[in-house]
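For clarity, every value in this text was computed on a predicted model and none was experimentally measured. All values below were derived from every heavy atom in this structure, side-chain atoms included, with hydrogens, water molecules and symmetry-related copies excluded. Each chain gets a letter, A, B and so on, in the order its sequence line appears, and its residues count up from 1.
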Amino acid sequence: MAETEGKRGKKFQGPKGTRDFYPREMARRRYIEQAWRKVAIRHGFDEIEGPTFESSDLYAVKSGEGILGELFQAFSGKSPEEVEQVKATGRAPYALRPEFTPTLARMFADKAASLPRPTKWFAIPLHYRAERPQRGRLREFLQWNVDVIGDGSAAADAEVIAAAVGLFRELGLESKHLTVRLSNRDLVSEMLRASGVGEASVPAALTLLDRRDRMPPEVFESSCAEIGLDPIAFIRGLDEVQKQMNEALAALENGRANPPIDRSSPATAGLVALLAELAARDILKWCEFDFSIVRGLAYYTGTVFEITAQGQRAIAGGGRYDRLIEMFGGPPTPAVGFGMGDVVLSLVLEENGLMPDEAMLAEYLNTRPDAFIISAGGPECDAAVVPLVAEMRQAGLHARRSYKSTSKIDKLLKDAAACFARTAIIIDDAYSGGTVSVKDLTDGTQHILKREELPGWIRDRRAAKP
RNA sequence: GCGAUCGUAGCUCAGUUGGUUAGAGCACCUGGUUGUGGUCCAGGGGGUCGGGGGUUCGAGUCCCCUCGAUCGCCCCA
């Protein structure tokens with residue numbers, strides 16, 4: 001049961017696959033959100049946001065059956081027709097957003113005429129998927145979406161990948177922790193056609209390749225046979241091109257001359273162009289080609305990639321979707337982007353000891369109190385605490401005090417340290433003369449100051465610290 | 001949607017072959033009455049053992065159902 005009857009009334013559990021964010025967890029969440037936002041802005045992306053729920057039809061436009069089955073559906077229940085529709089069809093008129101790309105495509109299509117090319121957008125929305133929760137996968141999660149719209153060049157592909165790598169660098173992750181695995185659907189499709197797969201069977205073949213690792217070899221082979229593909233020869237050919245491309249990547253990274261690559265294929269030429277763009281952004285060492293990456297979604301067109309850490313599900317995934325804006329009623333517009341979830345990212349950070357402790361989070365998130373005011377005298381000193389806190393706050397400082405009933409200085413100072421206050425303002429008998437003692441809790445030094453000097457002194461002191 | 005394991009205070013756990021008012025550490029609160037920072041001492045609040053049902057003289061301890069978490073399958077936007 002989700003609720004239990006206790007002496008005090010009902011007790012509820014949170015819904016399956018959701019998280020409660022107490023201050024400690026919230027600080028970690030803010031840390032990730034802030035890094036996402038900071039890095040996206042640094043890379044020239046503007047933040048957008050859309051509704052938490054959309055018309056179900058929006059997700060039906062480009063999705064397969066499986067995806068619709070994972071939707072959290074929503075309806076107002078206000079009109080009998082609506083309720084009837086849900087009963088009859090099992091489909092509600094709205095759904096909580098399972099991904100952001102349809103919203104983004106809709107938003108772009110609506111204002112396409114007035115938007116610059118390229119348009120660079122990012123978002124940090126909550127997403128909802130009615131899946132069975134597992135490690136690294138919940139039913140409600142945050143996802144960082146980064147997209148370049150209106151630029152079909154390899155430069156745009158590299159631009160979004162560079163943003164992902166920039167995020168990893170911001171958080172202290174290194175190329176040894178993560179790999180950006182690159183592929184290209186056009187290249188794989190081209191090779192499929194060259195191997196005798198009919199045009200109509202190419203999408204099925206891509207899906208097959210995507211699932212290759214998750215099915216028994218016999219099944220894979222028989223399925224290949226059905227669409228006229230010789231799996232052994234094809235995989236060998238694919239591996240050969242992959243090897244060539246990875247050699248080219250290594251050569252470029254080490255500043256050696258490019259080994260000869262067959263550039264007669266437009267797709268191969270595209271990959272070479274992508275390499276040059278990645279090199280220009282100094283992120284080659286994070287990347288490698290892996291043509292087994294196909295991505296499940298049908299709407300991907302050219303470059304596709306996944307970012308993985310050892311032993312984890314993908315931390316991010318994305319690619320080029322040049323047809324999607326058009327499908328949502330906009331002009332033909334190339335686009336590329338990726339999504340990165342907070343759940344796996346958190347796991348990877350924790351696994352590598354890169355999640356900051358409470359004190360570091362307070363510093364990074366700027367939540368350390370500037371001043372913690374305590375009384376060290378008689379009742380008149382006690383009475384001065386609240387007015388002084390108010391005074392500091394009016395001066396724009398983050399001021400706190402203790403809510404304990406004790407008058408023991410050591411316990412009050414402990415209270416100050418517990419919230420990582422930068423200074424403790426100690427009101428003692430000198431207060432009637434207009435001075436207080438200020439203890440700098442970061443270095444232990446203590447100073448006598450006039451009351452009116454406090455805000456300026458605290459600010460200067462704070463600015464002087466690294 | 002399927003299978004496996006687990007579920008005792010806010011957290012980490014202990015609870016002998018079922019037996020008196022369920023324990024510890026940490027955290028939290030209050031004291032140790034003029035005292036300067038993660039010490040020390042004493043005291044206190046807080047669990048009816050995820051929830052429901054059953055077996056039994058008696059269940060946290062056995063059985064069934066259910067909720068949740070974890071791992072795998074499906075799926076993975």
Side-chain angles (χ1 to χ4, degrees), chain A residues 1-8 10-20 22-24 58-71 95 97-105 125 127-139 141 143 145 207 210-211 214-215 294-300 304 306 313-314 316-319 321 324 337-341 343-344 358-359 372 374-379 381-382 402-421 423-429 437-446:
Chain A
M1 298 295 278
E3 74 262 27
T4 64
E5 293 282 350
K7 291 173 200 162
R8 300 183 199 78
K10 281 186 182 172
K11 206 172 175 183
F12 293 91
Q13 293 181 332
K16 183 197 291 193
T18 62
R19 293 168 288 181
D20 293 331
Y22 293 89
R24 200 190 252 309
L58 188 75
Y59 302 114
V61 166
K62 53 122 195 167
S63 308
E65 295 306 309
I67 289 171
L68 292 176
E70 311 289 1
L71 287 178
R97 64 181 165 210
E99 59 165 327
F100 192 69
T101 308
T103 298
L104 176 127
H127 294 288
Y128 303 86
R129 296 179 190 172
E131 297 178 296
R132 185 80 184 271
Q134 278 175 45
R135 180 179 174 80
R137 179 207 269 180
L138 297 172
R139 292 182 147 195
F141 56 94
Q143 196 175 74
N145 290 268
T207 305
D210 186 40
R211 298 192 182 161
R214 303 194 291 263
M215 60 174 64
V294 183
R295 307 285 301 159
L297 220 56
Y299 65 66
Y300 284 117
V304 288
E306 275 179 17
R313 55 181 76 234
Y321 50 98
L324 201 64
F338 69 85
M340 181 187 297
V343 184
V344 178
E358 254 189 298
F372 195 95
I374 67 181
S375 162
C381 294
D382 294 348
S402 178
Y403 292 91
K404 290 193 194 330
S405 60
T406 184
S407 61
K408 301 215 109 197
I409 304 276
D410 59 341
K411 295 200 172 171
L412 293 171
L413 281 173
K414 206 171 146 185
D415 228 19
C419 65
F420 311 110
T423 65
I425 299 178
I426 301 164
I427 300 174
D428 53 27
D429 295 336
S437 296
V438 179
K439 182 166 181 138
D440 185 325
L441 295 171
T442 61
D443 61 17
T445 59
Q446 196 154 320

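When heavy atoms are screened at a 4.0 angstrom cut-off, A/Gly318 is found touching no nucleic acid atom at all. Among the atoms of the strands shown, none is found under 4.0 Å from any heavy atom of A/Gly339. Nucleic acid contact class of A/Ala376 (heavy atoms, under 4.0 Å, all strands): base. Across all strands shown, A/Asp440 has heavy atoms under 4.0 Å from base atoms, whether or not it also approaches the sugar-phosphate. Residue A/Leu412 is out of contact with every strand shown, counting any heavy-atom pair closer than 4.0 Å. Nucleic acid contact class of A/Lys16 (heavy atoms, under 4.0 Å, all strands): sugar-phosphate only.
In this structure, A/Glu70 places its CD atom 10 Å from C1' of B/A77, rounding to the nearest Å. Between the CZ atom of A/Arg139 and the C1' atom of B/A77 there is a distance of 16 Å, given to the nearest Å. When the C1' atom of B/A77 is taken as reference, atom CZ of A/Arg137 falls 11 Å away, rounded to whole Å. Atom CG of A/Asp410 and atom P of B/U33 are 11 Å apart (whole Å). With rounding to whole Å, A/Arg129 atom CZ is found 18 Å from B/G1 atom P. Counting to the nearest Å, the C1' atom of B/C76 and the CD atom of A/Gln143 are 11 Å from each other. To the nearest angstrom, C1' of B/C74 lies 14 Å from CG of A/Asp210. Rounded to an integer number of Å, the gap from A/Tyr300 OH to B/A77 C1' is 7 Å.
Taking a pair to require two hydrogen-bonding distances under 3.5 Å in either a Watson-Crick or a G-U wobble arrangement, B/C2 pairs with B/G72. Nucleotide B/U36 is matched to nothing when pairs are restricted to Watson-Crick or G-U wobble geometry with both distances under 3.5 angstrom. If you check B/C57 for Watson-Crick or wobble pairing at under 3.5 angstrom, you find it paired to B/G19. Pairing for B/G25 is with B/C11, a Watson-Crick or G-U wobble pair whose two hydrogen-bonding atom distances lie under 3.5 Å.
Taking atom C1' on both B/G46 and B/G23, the two are 14 Å apart, rounded to the nearest angstrom. B/G31 and B/G47: their P atoms are spaced 23 Å apart (whole Å). Spacing of P atoms, B/C64 relative to B/A27, comes out at 41 Å, to the nearest Å.
Each of A/Ala416 and A/Tyr403 has a nearest nucleotide on RNA chain B; the 5'-most of these lies closest to A/Tyr403. Sequence order on RNA chain B of the closest nucleotides to A/Asp415 and A/Thr445 puts A/Asp415 first from the 5' end.
At least one side-chain heavy atom of A/Arg19 sits under 4.5 Å from a side-chain heavy atom of A/Phe141. For the pair A/Leu138/A/Thr18, no side-chain contact is recorded, criterion being any heavy-atom separation below 4.5 Å from C-beta on.
In the set B/U33, B/A77, B/A69, B/A69 carries the atom at the smallest distance from any side-chain atom of A/Pro133. Listed candidates were B/G37, B/U34, B/A4. Nearest to the side chain of A/Ala417 is B/G37. Relative to the side chain of A/Gln446, the nucleotides B/G1, B/U36, B/G38 differ in distance, and B/U36 lies closest. Out of B/A77, B/G72, B/G38, the shortest distance to the side chain of A/Gln134 is found at B/G72. Nearest to the side chain of A/Leu413, among B/U36, B/U34, B/A69, sits B/U36. Which of B/U34, B/G1, B/U36 sits closest to the side chain of A/Arg132 comes down to B/G1. Picking from B/A77, B/U36, B/A69 the nucleotide with the shortest atom distance to the side chain of A/Ile409 gives B/U36.
We find the OG-CD1 distance between A/Ser375 and A/Ile427 to be 6.5 Å, quoted to the nearest 0.5 Å.
A/Thr103 and A/Leu58 get closest at one heavy-atom pair: N-CD2, 4.0 Å. Pairing each heavy atom of A/Glu99 with each of A/Tyr299, the nearest pair is OE1-OH, 3.5 Å.
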- Applying side chain to side chain donor-acceptor pair (under 3.5 Å), run through A/Asp440 and A/Thr445 and close with a yes or a no. CA-CA 5 Å; A/Asp440 185 325; A/Thr445 59; 4.6 Å; no

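For the pair A/Arg135 and B/U70, the criterion of a side-chain N or O lying under 4.0 Å from OP1 or OP2 is not met. Regarding contacts with the backbone of B/C29, a side-chain N or O of A/Lys404 is found under 4.0 angstrom from either OP1 or OP2.
One N or O donor and one acceptor, one from the side chain of A/Lys411 and one from the base of B/G31, sit under 3.5 Å apart.
Between A/Arg139 and A/Glu131 there is no salt bridge, since none of the side-chain N atoms of the basic residue sits less than 4.0 Å from a carboxylate O of the acidic one.
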